[in-house]
Trainee: 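I am attaching a structure below and will ask some questions about it afterwards.
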Amino acid sequence: MSAHIALVDDDRNILTSVSIAMQAEGYVTRIYSDGETALKALLENPADLGIFDIKMPRMDGLELLRRLREKSDMPVIFLTSKDEELDEALGLAMGADDYITKPFSQRLLIARVKAILRRATYDKAIVNGEVGSEPEPMMRGKLEMDPARHQVKWDARSLTLTVTEFMILEALAIRPGVVRTRDQLMDAAYEDDVYVDDRTIDSHIKRLRRKFREIDPEFTAIDTLYGAGYRFADS
């Protein structure tokens, strides 16, 4: 059965282009031009995943997510502008799964949708007892990662990471001390040969460091090796 994707944006051009891209991948799309209409429809008939703009009239994406989270754990990706970093952080804290900054590549958005839906399907299978075993949590010094639950802790304190950030961190931490090139991190975080330039990986690393330093100002476990890439040091 095809997954249902709810698209909520007051920009008709974005609704149309994203809907066409999703349908080309075999998804069923439902489109809404404001948060109030989307909230009523999604509470009555939840989708498998939502793609929400943050800035909308009548009800913005953050309020839509807050109201949905009272009754639904539907995965949500936010579409944000470059100047909405505070809103991104708030959205993730409220339970969004990822965000993509406008303007964005349709292929990149599709890759994120596939990754999140795959994780959501796995989570449901675990709850229903349909998988024999879960991936074991990974411990690296103060770092604890639980891939089955998409949870990260540093020194027993929880962090909220996007799917992309989680995958990059996992790729670094799985082999401490080993240098990962930007291309290798791209392969870990993106699928289907999605083109991502070096600055995108650097931006994700910057955000990861900032999140860790918010709970540990002395955090230095992600090293930069100029001209080579990045590595995780668990000492």
Trainee: For T16, enumerate each residue passing the side-chain hydrogen bond (donor to acceptor under 3.5 Å, both in side chains) test, keeping only those at least two apart in sequence or located in another chain.
Mentor: none
Trainee: Distance-only criterion, 3.5 Å: show the donor-acceptor pairs between side-chain atoms of residues 223-233 and protein atoms not counting sequence neighbours.
Mentor:
| from | atom 1 | to | atom 2 | distance (Å) |
| --- | --- | --- | --- | --- |
| D223 | OD2 | R231 | NE | 3.3 |
| T224 | OG1 | R209 | NH1 | 3.4 |
| T224 | OG1 | R209 | NH2 | 2.6 |
| Y230 | OH | D202 | OD1 | 2.6 |

Trainee: A side-chain contact here means heavy atoms from C-beta on lying under 4.5 Å apart; do Y99 and T164 qualify?
Mentor: no
Trainee: If only atom types and distance count, is the side chain of S19 paired as donor or acceptor with the main-chain N or O of T29 below 3.5 Å?
Mentor: no
Trainee: Could you tell me which residues satisfy side chain to side chain contact (heavy atoms under 4.5 Å, CB included) with E214, sequence neighbours excluded, listed by chain and number?
Mentor: R210
Trainee: With clusters built from Ile, Leu, Val, Met, Phe, Trp and Tyr whose side-chain heavy atoms come within less than 4.5 Å, directly or transitively, what are the remaining members of the cluster of V28, listed by chain and number?
Mentor: none
Trainee: Could you pull out the closest heavy-atom pair between L42 and R30, with the gap in Å?
Mentor: CD2-NH1, 4.1 Å
Trainee: Please report the interatomic distance CZ(R66) to CG(D60), rounded to the nearest 0.5 Å.
Mentor: 10.5 Å
Trainee: Could you pull out all residues at least two apart from K153 that satisfy salt bridge (charged side-chain N to carboxylate O under 4.0 Å, His left out)?
Mentor: none
Trainee: Just jot down the side chain to side chain contact (heavy atoms under 4.5 Å, CB included) partners of E44, sequence neighbours excluded, or say none.
Mentor: K40
Trainee: Can you check side chain to side chain contact (heavy atoms under 4.5 Å, CB included) on V113 and M22, steps first, answer last?
Mentor: CA-CA 9 Å; V113 166; M22 293 296 153; 3.8 Å; yes
Trainee: Apply side chain to side chain contact (heavy atoms under 4.5 Å, CB included) to T37 and list each qualifying residue two or more places apart in sequence or on a separate chain.
Mentor: Y32, D34, R58
Trainee: Is it true that D216 and K211 have a side-chain N and a carboxylate O under 4.0 angstrom from each other?
Mentor: no
Trainee: Does I54 form a side chain to side chain contact (heavy atoms under 4.5 Å, CB included) with L79? I'd like the steps, not just the answer.
Mentor: CA-CA 6 Å; I54 286 185; L79 303 181; over 6 Å; no
Trainee: How close do A171 and L185 get, counting heavy atoms only, and between which atoms?
Mentor: CB-CD2, 4.0 Å
Trainee: Looking at H4, is its backbone amide N or carbonyl O close enough to the side chain of D48 to form a donor-acceptor pair, meaning the two atoms are under 3.5 Å apart?
Mentor: yes
Trainee: So does E70 have more than 12 non-hydrogen atoms from other groups sitting under 6.0 Å from CD?
Mentor: yes
Trainee: Are V8 and I51 close enough, and set up right, to give a side chain to side chain contact (heavy atoms under 4.5 Å, CB included), and what steps lead you there?
Mentor: CA-CA 6 Å; V8 190; I51 300 173; over 6 Å; no
Trainee: What's the spacing between L117 CG and Y27 OH if we round to 0.5 Å?
Mentor: 5.0 Å
Trainee: Carefully, step by step, assess D53 and D11 under the rule side chain to side chain contact (heavy atoms under 4.5 Å, CB included).
Mentor: CA-CA 9 Å; D53 187 25; D11 187 324; over 6 Å; no
Trainee: Could you state the interatomic distance from CZ (F52) to OG1 (T80), rounded to the nearest 0.5 Å?
Mentor: 14.5 Å
Trainee: How long is the straight-line distance from CG of L109 back to CD1 of I100, given to the nearest 0.5 Å?
Mentor: 4.5 Å
Trainee: Using every non-hydrogen atom in the two residues, find where Q184 and V179 come nearest and quote the distance to one decimal.
Mentor: OE1-O, 3.8 Å
Trainee: In Å and rounded to the nearest 0.5 Å, what is the CG to CE distance from L62 to M56?
Mentor: 9.0 Å
Trainee: Output all residues satisfying side-chain hydrogen bond (donor to acceptor under 3.5 Å, both in side chains) with Q106, sequence neighbours left out; order by chain, then residue number.
Mentor: S17
Trainee: For D97 and V76, indicate whether the former's side chain and the latter's backbone hold a donor-acceptor pair under 3.5 Å.
Mentor: yes
Trainee: What is the distance from atom CD1 of I77 to atom CG of L49, rounded to the nearest 0.5 Å?
Mentor: 5.0 Å
Trainee: Report yes if the side chains of R12 and I31 come closer than 4.5 Å at any heavy-atom pair, otherwise no.
Mentor: yes
Trainee: Flag yes if I174 and V152 sit in one hydrophobic cluster, no otherwise; membership is Ile, Leu, Val, Met, Phe, Trp, Tyr, and two members link when side-chain heavy atoms are under 4.5 Å apart.
Mentor: yes
Trainee: Would you say the side chain of M145 lies within less than 4.5 Å of the side chain of M139, judging by non-hydrogen atoms?
Mentor: no
Trainee: Which pair of non-hydrogen atoms, one from L64 and one from G35, has the smallest distance, and what is that distance?
Mentor: CD1-O, 3.7 Å
Trainee: Does E144 come within less than 4.0 Å of R140, counting only side-chain N to carboxylate O?
Mentor: no
Trainee: Is the shortest heavy-atom distance from the side chain of I222 to the side chain of I205 under 4.5 Å?
Mentor: yes
Trainee: Contact between L169 and L143 at the side-chain level, heavy atoms closer than 4.5 Å - yes or no?
Mentor: yes
Trainee: Using the test side-chain hydrogen bond (donor to acceptor under 3.5 Å, both in side chains), find all partners of R213 that sit at least two apart in sequence or belong to another chain.
Mentor: none
Trainee: Return each pair, listed once, that meets ring-ring contact (aromatic ring centres under 6.0 Å, His included) where at least one residue sits in residues 153-188; pairs must be two or more places apart or across chains.
Mentor: H150-F166, W154-F212, W154-F219
Trainee: Please list, chain by chain and in numerical order, all residues satisfying side chain to side chain contact (heavy atoms under 4.5 Å, CB included) with S72, sequence neighbours excluded.
Mentor: M74
Trainee: Which residues pass the side-chain hydrogen bond (donor to acceptor under 3.5 Å, both in side chains) test with S33, sequence neighbours left out?
Mentor: none
Trainee: Shortest non-hydrogen contact from P147 to P137?
Mentor: CD-CA, 4.3 Å
